[in-house]
Amino acid sequence: MPELDAGTELQLALFRQAVEAGSDGVIITDATRSDQPVLYVNPAFERMTGYSSDEVVGKNCRFLQGDDRSQPERAKLRRAMSDGLPCSVVLRNYRKDGTLFWNELSLSPVRDRSGKTTHFIGIQKDVSARMRLEKALQDQKEQLEQATRSLSRTSTHDALTDVAQRRHFLDTLGREWKRASREGAPVSLLLIDVDSLGRINELFGHEAGDDSLKRVARALENVLKRPADLLGRYEGETFAALLPATDRKGAEQVALEMRATVSGLAIDHPGPAGRLTITLGVATAFPGPETGMEDLISHAEQALRAAKELGPDRVHVLAEM
Ligand code: FNR
């Protein structure tokens, strides 16, 4: 060791004291040897990790990660070290007693006169309190987003069946009607009555009735394949399906598929069929100066009435308007 003059010696003593008294952990590693063994840790490191200097010197600091090794920040550290560049990461580390702390680690290289990296200095900060706060804030934000999502769904969707409420359904029909009138396309509307649901309520109770309604809603929704198709709860036991850009033939096909799908659910029903069925009225219209959205709706209602007169489990299709 070369002799140091008194001024330099004093300066070194002051630096040492500053490092020893600081509240951040300080680690110095030897970058000239393979795997960066620790040369020095300060008392704040010992307090933060619970390891004494003797237990750490000569080791690589990764032991602080325990078995929790899948941390993407490791790659960032390796890259910075091989490039001899400074770097800052937050890692999950474990004290000697096994408890977790979040370690905000800043590495900086020390170079000799030739520019070769000879050491790294690491400064550790225990940022567990901040991470807990950030996590709590993030959780709260997610809860708020979830609540907002379900609130906005509540205003547009039926609480029991989770299909569009009548108001939302009619608003959507209004928009699709305008689009169809611009594009000269047909719009089809299906009104779907669940046959004698009241009998299920009477005999098996309202819970069974509600459950049947929910199952029918899911089954009807599964038949609708295109994103613009929409199922709504029109009133009580009547659903409505909006099929934009669908002609009479296409709408009839959907209606028949819905009827078969609901019958296929084989929901126990006290009526003559022994299973729950639906009756459907189908109307199709091309928007025009003579034909408004109200005409389509009243046409679909007329089709449903006609279907119901023929008996349950029917599809009645009216001519295109
Ligand atoms: C480190 N490393 C480190 N890692 C850690 O989990 N906690 C720590 O406090 C420190 N401190 C530290 C100080 C200094 C000066 C250096 C150079 C490095 C990082 C660790 O030793 C290792 O480099 C990283 O885990 C990435 O390499 P592996 O484990 O993927 O090979």
Side-chain angles (χ1 to χ4, degrees), residues 1-4 7-142:
M1 274 272 201
E3 284 269 312
L4 297 174
T8 313
E9 227 169 273
L10 176 64
Q11 228 179 13
L12 279 178
L14 288 172
F15 283 156
R16 186 167 191 101
Q17 200 173 331
V19 169
E20 303 259 301
S23 59
D24 290 346
V26 176
I27 307 153
I28 302 174
T29 59
D30 185 348
T32 62
R33 285 170 55 199
S34 68
D35 216 27
Q36 299 274 350
V38 171
L39 292 177
Y40 167 83
V41 292
N42 71 345
F45 173 98
E46 295 180 308
R47 285 196 299 275
M48 203 179 294
T49 64
Y51 290 101
S52 69
S53 164
D54 288 347
E55 288 173 298
V56 177
V57 168
K59 286 190 184 158
N60 182 293
C61 266
R62 72 171 68 81
F63 76 91
L64 287 170
Q65 297 155 21
D67 296 333
D68 192 358
R69 297 276 290 153
S70 63
Q71 304 193 45
E73 288 76 6
R74 275 174 47 209
K76 202 173 156 194
L77 281 172
R78 280 198 303 269
R79 215 172 311 125
M81 281 188 285
S82 81
D83 295 346
L85 292 173
C87 149
S88 212
V89 292
V90 177
L91 294 160
R92 286 185 300 275
N93 274 183
Y94 296 84
R95 300 185 186 88
K96 192 175 177 182
D97 66 8
T99 52
L100 167 82
F101 72 101
W102 288 90
N103 180 357
E104 187 177 72
L105 176 69
S106 304
L107 290 191
S108 41
V110 179
R111 297 198 182 90
D112 65 11
R113 290 210 176 139
S114 70
K116 186 177 158 233
T117 305
T118 56
H119 300 82
F120 270 97
I121 298 180
I123 310 283
Q124 296 177 320
K125 264 188 210 309
D126 181 348
V127 291
S128 307
R130 190 185 84 203
M131 295 301 278
R132 270 197 299 275
L133 203 70
E134 279 175 12
K135 168 97 175 48
L137 277 174
Q138 185 59 28
D139 288 353
Q140 253 178 16
K141 192 169 157 240
E142 276 163 22

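Ligands are counted one by one from 1 in listed order, and the atoms in each one are counted from 1 as well. All values below come from the heavy atoms of this structure, side chains included, with hydrogens, waters and symmetry mates left out.
Tested against Tyr94, the residues Asp67, Asp68, Thr99 include a single side chain to side chain donor-acceptor pair (under 3.5 Å) partner, Asp68.
Contact atoms of ligand 1 toward Leu91: 4 (N), 5 (C), 6 (O) (distance under 4.0 Å to a heavy atom of the residue). Residue-ligand proximity, Ile27 to ligand 1, at heavy-atom distances under 4.0 Å covers atoms 9 (O), 11 (N), 13 (C), 15 (C). Every atom of ligand 1 with a heavy atom of Gln36 under 4.0 Å away is listed here by number and element: 17 (C). Atoms of ligand 1 found under 4.0 Å from any heavy atom of Leu64, numbered from 1 in the order shown, are 7 (N), 8 (C), 9 (O). For ligand 1 and Asn103, the ligand atoms under 4.0 Å from any heavy atom of the residue are 7 (N), 8 (C), 9 (O). Ligand-side atoms of ligand 1 in range of Thr29: 14 (C), 15 (C), 17 (C), range being under 4.0 angstrom from any heavy atom.
Residue contacts with ligand 1 for Arg62 involve both N, CA, C or O and side-chain atoms from C-beta outward (heavy atoms, distance under 4.0 Å). At a heavy-atom distance under 4.0 Å, no atom of Ile28 approaches ligand 1. Here Asn93 has side-chain heavy atoms under 4.0 Å from ligand 1, and that is the only part of it that gets that close.
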**side-chain hydrogen bond (donor to acceptor under 3.5 Å, both in side chains) between Thr32 and Thr118, intermediate numbers included** = CA-CA 5 Å; Thr32 62; Thr118 56; over 6 Å; no

**Prompt:** Yes or no on side-chain hydrogen bond (donor to acceptor under 3.5 Å, both in side chains) for Gln138 and Glu142, after CA distance, side-chain angles and deciding distance?
**Reply:** CA-CA 6 Å; Gln138 185 59 28; Glu142 276 163 22; 3.1 Å; yes

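The protein non-hydrogen atom at the shortest distance from atom 9 (O) of ligand 1 is Gln124 NE2, 2.8 Å. With hydrogens left out, the protein atom closest to atom 22 (C) of ligand 1 is Asn60 OD1, 3.9 Å, a heavy atom. Looking from atom 14 (C) of ligand 1 to the surrounding protein, the closest heavy atom is Leu107 CD2, 3.3 Å. Considering only non-hydrogen protein atoms, atom 23 (O) of ligand 1 sits nearest to Met81 CE, 2.9 Å. At the top of the distance list for atom 4 (N) of ligand 1, counting protein heavy atoms only, stands Gln65 NE2, 3.6 Å. Closest protein heavy atom to atom 19 (C) of ligand 1: Leu77 CD1, 3.7 Å.
Selection from Met48, Arg78, Arg69, His119 by nearest heavy atom to atom 26 (C) of ligand 1 gives Arg78. Atom 12 (C) of ligand 1 has its nearest heavy-atom neighbour, among Ile121, Leu105, Thr49, in Leu105.
At a threshold of 4.0 Å, the pair Asp126-Arg47 does not count as salt-bridged, since none of the basic side-chain nitrogens sits closer than that to a carboxylate oxygen.
Remark: the backbone N or O of Ser52 is paired with a side-chain donor or acceptor of Glu55 at under 3.5 angstrom. The backbone N or O of Asp24 lies less than 3.5 Å from a partner atom in the side chain of Asn42, making a donor-acceptor pair.
In this structure, Ser106 and Ser88 approach most closely via the heavy-atom pair OG-OG, 3.1 Å.
In this structure, the side chain to side chain contact (heavy atoms under 4.5 Å, CB included) partners of Leu85, at least two apart in sequence or on a different chain, are Asp83.
For the pair Lys96 and Thr49, the minimum side-chain heavy-atom distance is 4.5 Å or more.
For an aromatic pair to be called close, the ring centres must be under 6.0 Å apart, and Phe45 with Tyr51 fails this.
Within a 6.0 Å sphere centred on NZ of Lys125, heavy atoms belonging to other residues, nucleotides or ligands number 12 at most.
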